[in-house]
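One structure is given here, and the rest of the page talks about it.
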Amino acid sequence: MKTIKESARETRVAREADVVVVGGGPGGIGAAVSAARNGADTVLIERYGHLGGMGTGGLVTIIPQLTDIFGKQQIVGLTQEWVDRLKSREAVVYPKEEHWGSTDKELVKSYFDQIFFYVRLDRVIYAAIIDAEISKVILNDMVGEAGVKTYLHSWGTEPIMEGNECKGVIFESKSGRQAILGKVVIDATGDGDLLPYANIEFEDNIPPNFRIANLALCFWVDGVDLDKAESFRKNDPQKYMELARKCMEAGGFGGYMKSLLKNQESVVWFHNRYPNKSQVDVEELTRVEFEGRKKMITTYDFFKKNMPGFEKSFIVLSCPQLGTRSSRRLIGEYKLTIDDMKDNQPFEDTIAIFPDLDRGQESLDHPLQYVPYRSLLTKNVDNLLVACRAFSSDEHVQEYFNLIPHCIAFGEAAGTASAMALQAGVSPKNVDIKALQKQLAKQGVPLPDIGKKVDYKYTGPALTTPPFMIH
Ligand SMILES: Cc1cc2nc3c(=O)[nH]c(=O)nc-3n(C[C@H](O)[C@H](O)[C@H](O)COP(=O)(O)OP(=O)(O)OC[C@H]3O[C@@H](n4cnc5c(N)ncnc54)[C@H](O)[C@@H]3O)c2cc1C
């Protein structure tokens with residue numbers, strides 16, 4: 001490989017902070033807001049002009065999997081605060097609380113007919129459909145009110161390392177190359193961008209048949225007569241399937257989802273999958289941007305010409321940031337693996353509980369996934385944490401537990417722990433776990449009874465539908 005040697009240079013220090021968070025997606029929002037609310041002087045660096053990551057810019061506007069198979073809400077905290085703030089503007093929809101966990105067949109069908117995210121394992125679950133644009137404003141409010149100093153249009157390029165200590169981050173922007181110095185650095189880039197430069201161990205193997213092996217270029221089509229489109233899909237499913245097949249043969253996508261948000265009755269979404277060699281390879285990202293837009297036009301042209309209801313439709317939006325599902329994963333203090341998905345016991349350092357809903361009978365037998373704080377800690381750099389989908393997990397755990405609410409929960413734990421560690425004068429690795437759990441519980445994070453053995457065996461009815469996972 002041909003290389004060049006760059007000359008050494010002086011770099012301006014833009015700011016000194018307690019906690020520096022790189023990446024303003026679900027993980028970064030969780031981390032920055034929690035660190036600041038717990039008293040840390042916090043800086044957030046985001047490469048784009050908006051916050052929310054895939055949840056806004058990727059047009060992935062579904063916050064799913066909030067309740068478990070018993071209908072109990074397991075992910076609350078900052079995720080619920082985001083939803084509550086949206087609710088006050090009628091910018092979110094979700095199943096009624098009294099229906100969460102219901103197995104009533106008619107009710108389940110009526111929710112499934114609205115959108116399949118509302119149903120898992122023959123039950124109604126709590127999944128929220130959110131407005132991306134209002135979310136961007138709300139997330140700005142959340143970091144602003146917490147006192148986080150945010151730099152948008154700023155690309156975190158490198159951690160500043162002194163031996164095994166991270167002293168801050170270099171970032172590039174229209175203002176040039178600058179440094180932020182910090183006592184704790186949190187990588188919330190989704191892709192673990194800081195890891196290779198901090199000499200931190202990571203892996204990136206993803207089996208090609210996994211959901212997370214795919215990039216996406218989501219887009220929205222507006223001006224659809226949905227009554228007409230839906231009655232065609234319902235009344236003539238064979239003809240609909242035939243047209244969908246022809247669209248795919250022509251190089252497009254066959255299926256759409258309808259937006260359920262108020263006043264979006266004419267909007268449909270096209271989510272998609274693009275296999276790739278790597279989701280952090282710039283040539284692959286460029287290829288999918290080109291290929292994705294071509295496929296978008298092919299799909300749109302076909303639907304407009306052939307699908308009833310699409311006659312006056314138009315492409316209203318393609319995702320401002322390419323959909324990345326997974327890339328680098330930390331090999332941290334504790335790596336969550338497929339074996340942990342077969343276990344029903346909490347960890348001593350549990351910082352979050354995730355409902356397990358996508359694995360059919362396996363999920364019924366193991367309905368909760370406990371997450372240890374150690375899965376956010378690196379082995380060799382005590383003051384650098386990972387709070388995003390790059391958390392320490394094997395490909396199986398990553399496949400099921402890297403969604404928006406999961407990443408907010410990682411952030412909430414990492415940000416809170418960082419602030420508490422700084423107050424106690426210890427490194428985040430040595431934070432008082434019991435005190436951290438107490439503080440998280442105070443912030444509305446459900447946690448298990450630590451030290452108490454879970455005695456659970458599924459004895460309910462057999463599943464009537466096969467598992468499916470579309471994220
Ligand atoms: C098509 C698709 C469908 C999905 N469906 C769902 C779904 O239905 N529900 C669900 O919950 N999840 C879904 N997911 C998964 C989910 O969106 C992600 O796993 C989740 O958003 C990860 O959060 P994160 O904070 O780790 O990373 P991201 O959401 O990727 O956020 C990372 C943030 O960091 C910023 N950033 C990255 N690198 C840098 C850098 N070097 N410097 C500064 N900023 C940087 C990015 O711009 C971004 O804002 C889907 C994903 C895709 C792609």
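Given the structure is predicted, the values throughout are model-derived calculations rather than measurements. For ligands, and for the atoms within them, numbers begin at 1 and follow the listed sequence.
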Do we see a donor-acceptor contact under 3.5 Å between the side chains of D349 and Q437? no
Using a 4.0 Å cut-off to any heavy atom of A216, which atoms of ligand 1 qualify? 1 (C)
Any side-chain donor-acceptor pair under 3.5 Å between T42 and D18? no
Just which atoms of ligand 1 are under 4.0 Å from any heavy atom in G27? 25 (O)
So which of H406, H271, M54 gets nearest to atom 17 (O) of ligand 1, if we judge by its closest heavy atom? M54
Which of the ligand 1 atoms, numbered from 1, are nearer than 4.0 Å to a heavy atom of D193: 38 (N), 39 (C), 40 (C), 41 (N)
Are any of the N or O atoms of G156 closer than 3.5 Å to those of ligand 1? yes
Does ligand 1 have an atom that lies less than 4.0 angstrom from a heavy atom of G58? no
Numbering as shown, the atoms of ligand 1 that approach C407 to under 4.0 Å (heavy-atom distance): 22 (C), 23 (O), 26 (O)
Between ligand 1 and F117, can you find any atom pair, the residue atom being a heavy atom, that is separated by under 4.0 Å? yes
Do D394 and Q398 pair up side chain to side chain, a donor and an acceptor below 3.5 Å, judged on atom types alone? no
Does any donor atom in the side chain of Q443 or T416 lie under 3.5 Å from an acceptor atom in the other side chain? yes
Taking the minimum heavy-atom distance to atom 52 (C) of ligand 1, which of V60, I29, L217, I45 ranks first? V60
Donor-acceptor pair between R120 and S363 side chains, under 3.5 angstrom: no
Element-labelled atoms of ligand 1 that are located less than 4.0 Å from some non-hydrogen atom of G53: 29 (O), 31 (O), 48 (C), 49 (O)
Determine the sole option in N402, N205, D191 for which the side chain to side chain donor-acceptor pair (under 3.5 Å) test with R329 is passed. N205
Is it the case that the side chains of Y118 and D113 hold a donor-acceptor pair, with the cut-off being a distance below 3.5 Å and no angle test? no
Against ligand 1, does A390 come closer than 4.0 Å with any heavy atom? no
Test your reading of the structure: does E46 have an N or O sitting under 3.5 Å from an N or O of ligand 1? yes
Would you check whether A387 reaches within less than 4.0 Å of ligand 1, judged by its heavy atoms? no
Pairing donors with acceptors under 3.5 angstrom, does anything connect the side chains of H153 and E46? no
Counting the benzene-type ring for Trp, do F410 and F354 have ring centres under 6.0 Å apart? yes
Among the heavy atoms of D191, does any lie under 4.0 Å from an atom of ligand 1? no
Purely on distance, is any nitrogen or oxygen of R47 under 3.5 Å from one on ligand 1? yes
Is the closest side-chain donor-acceptor distance between Y126 and Q80 under 3.5 Å? yes
When you check the side-chain N and O atoms of N276 and R287, is any donor under 3.5 Å from an acceptor? no
Just so I know, are the side chains of S173 and Y151 near enough to count as touching, which here means a heavy-atom distance under 4.5 Å? no
Under a 4.0 angstrom heavy-atom cut-off, which atoms of ligand 1 come close to Y48? 47 (O)
Return yes or no for this condition: an N or O of I404 is under 3.5 Å from an N or O of ligand 1. yes
Please confirm whether the ring centroid of F303 lies under 6.0 Å from the ring centroid of F270. yes
Ring centroid separation F112 to F117 under 6.0 Å: no
Per atom 53 (C) of ligand 1, closest listed option by heavy atom (G30, G190, G323): G323
In terms of atom number and element, which parts of ligand 1 are under 4.0 angstrom from non-hydrogen atoms of S154? 43 (C)
Does any N or O atom in N402 lie less than 3.5 angstrom from one in ligand 1, N or O only? yes
Examine P405 against ligand 1 and note whether any of their N/O atoms are separated by less than 3.5 Å. no
Atoms in ligand 1 flagged as close to C218, the criterion being non-hydrogen separation under 4.0 Å: 1 (C)
Proximity of T189 to ligand 1 by residue part, where a heavy atom lies under 4.0 Å: both
